[in-house]
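Only one structure is covered here, and it is reproduced in the block below.
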Number of protein chains: 2
Amino acid sequence: MSPTNTDVPSLVGGFLPTPVPVAEYDRCPVTEILRLIGDRWSLVTLALLGRKTYRFNELHRSIEGISQRMLTRTLRNLEASGLVRRTVHPTTPPTVDYRLTPLGVSLLPPLSALADWAVRHGPELAAARRAAVLPAVE
Amino acid sequence: MSPTNTDVPSLVGGFLPTPVPVAEYDRCPVTEILRLIGDRWSLVTLALLGRKTYRFNELHRSIEGISQRMLTRTLRNLEASGLVRRTVHPTTPPTVDYRLTPLGVSLLPPLSALADWAVRHGPELAAARRAAVLPAVE
DNA sequence: CGGTATCCATTTCGATACTG
DNA sequence: CAGTATCGAAATGGATACCG
């Protein structure tokens with residue numbers, strides 16, 4: 001009802017048929033976006049592109065540890081989902097830059113909300129992990 | 001500064017050192033939560049548990065297509081992160097129920113914000129995918 | 001500069017069978 | 001009822017080399 005709900009967690013529209021049909025679930029946009037950005041490199045990439053336009057190698061240098069292959073794959077993925085636009089400038093040698101599309105920009109606020117939650121509750125998450133791997137001497 | 005920012009996407013606190021150090025990035029709580037819930041079954045599981053407490057087989061029946069093994073793994077994962085609490089009742093046969101912890105409940109609003117975004121922009125995402133796999137006859 | 005192509009290790013997922 | 005054990009398939013990620 002309300003344009004943005006903050007107190008009532010809707011999660012997939014506010015209702016859920018049970019059993020949840022697996023086919024629908026897999027095609028659910030919420031599932032898709034989480035799987036899209038839940039991989040190793042998408043989040044940093046989006047975070048950087050949220051700040052400015054990057055050239056390929058500039059991005060490569062900006063993300064420590066990423067291989068050329070994975071950077072390409074990550075960018076192509078985000079591009080295929082409409083979050084990133086790839087622009088080739090016909091110079092010699094050719095230069096390519098990447099920027100967020102308006103759709104990509106619109107993703108940042110909700111993503112930041114999740115990020116804020118994670119930062120706030122990071123200690124609790126870490127504590128839970130520690131408690132889980134050390135079920136000894138209580 | 002503001003308790004919840006909606007217009008300025010902070011993403012990991014509002015600044016990013018470049019190059020982004022891979023070790024820090026991997027330990028970043030934002031990365032961790034995304035990878036945690038970015039798998040195949042965590043989102044539905046959380047969505048269901050957000051509604052009520054479930055017994056194991058009840059959950060199993062409620063999620064079409066999930067195997068016993070994956071349900072167990074998913075629940076154990078969420079439990080190890082402190083989002084879900086597992087309670088064993090010493091009856092015969094033993095019954096076990098799962099519910100969200102307060103931490104798990106606190107995750108629902110930001111997750112719903114992302115879900116709302118996905119639902120709103122689902123058509124655009126789908127259109128981008130279609131345009132990407134059909135780069136023919138423009 | 002901005003990629004591909006190849007190959008391999010690791011992880012994830014799912015099916016099936018069995019258990020206290 | 002609520003799992004565990006085992007196995008194999010598939011997806012994911014990374015290293016290296018090469019290309020227009």
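Lettering of chains follows the sequences in order, A, B, ..., and the numbering in each one begins at 1. Quick note: numbers below take in every heavy atom, side chains included, and nothing from hydrogens, waters or symmetry partners.
Between B:L59 and the choices B:I66, B:T53, B:L48, the side chain to side chain contact (heavy atoms under 4.5 Å, CB included) rule is met once, by B:L48. For the side chain to side chain contact (heavy atoms under 4.5 Å, CB included) test with A:T45, the passing option among A:L75, A:V84, A:D39 is A:L75; the others fail.
Between the CZ atom of B:R73 and the P atom of C:dA15 there is a distance of 15 Å, given to the nearest Å. A:I63 has its CD1 atom 14 Å from the P atom of D:dG13, to the nearest Å. Atom C1' of nucleotide D:dG14 and atom CD of A:E64 are separated by 15 Å, given to the nearest angstrom. For B:I37 and C:dT12, the CD1 to C1' distance is 17 Å, given to the nearest whole Å. For B:L71 and D:dC1, the CG to C1' distance is 13 Å, given to the nearest whole Å. At whole-Å resolution of the value, CZ in B:R35 and P in D:dA11 are 17 Å apart. Between A:M70 atom CE and C:dC8 atom P the separation is 19 Å, expressed in whole Å. The interatomic distance linking A:I66 (CD1) with D:dT12 (P) rounds to 15 Å, in whole Å.
Formation of a donor-acceptor pair under 3.5 Å by the B:S112 side chain with backbone atoms of B:A115 is not found in this model. Judged by distance alone, with hydrogens and angles left aside, the side-chain atoms of A:S42 form no donor-acceptor pair with the main-chain N or O of A:G38 at under 3.5 Å. Side-chain atoms of B:T18 never come within 3.5 Å of backbone atoms of B:V20 as a donor-acceptor pair (strictly under, hydrogens ignored). Remark: side-chain polar atoms of A:S81 are paired, donor with acceptor, to backbone N or O of A:N77 under 3.5 angstrom. Although no hydrogens or angles enter the test, the distance criterion places a donor-acceptor pair under 3.5 Å between the side chain of B:Y25 and the main chain of A:R40.
Distances shown here put a side-chain N or O of B:W41 below 4.0 Å from the OP1 or OP2 atom of C:dG14. For the pair A:R40 and D:dG14, the criterion of a side-chain N or O lying under 4.0 Å from OP1 or OP2 is met.
You'll find the side chain of A:L49 stays beyond 4.5 Å of the side chain of A:L83, heavy atoms only.
For the atom pair CG of B:L43 and CG of B:L114, the computed distance is 9.0 Å after rounding to the nearest 0.5 Å.
In the helix from C:dC1-D:dG20 to C:dG20-D:dC1, the terminal helix axes, each the rotation mapping four pairs' C1' atoms onto the next four within five end pairs, subtend 50°, rounded to 10°.
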Every protein N/O within reach of nucleotides 2-4 of chain D N/O, cut-off under 3.5 Å:
residue, atom, partner, partner atom, Å
D:dA2, OP1, B:R55, NE, 2.9
D:dA2, OP1, B:V96, N, 3.0
D:dA2, OP1, B:V96, O, 3.3
D:dA2, OP2, B:N57, N, 3.1
D:dG3, OP1, B:R86, NE, 3.2
D:dG3, OP1, B:R86, NH2, 2.5
D:dG3, OP2, B:Y98, OH, 2.6
D:dG3, N7, B:Q68, OE1, 2.7
D:dG3, N7, B:Q68, NE2, 2.8
D:dG3, O6, B:Q68, OE1, 2.6
D:dT4, OP1, B:R76, NH2, 3.1

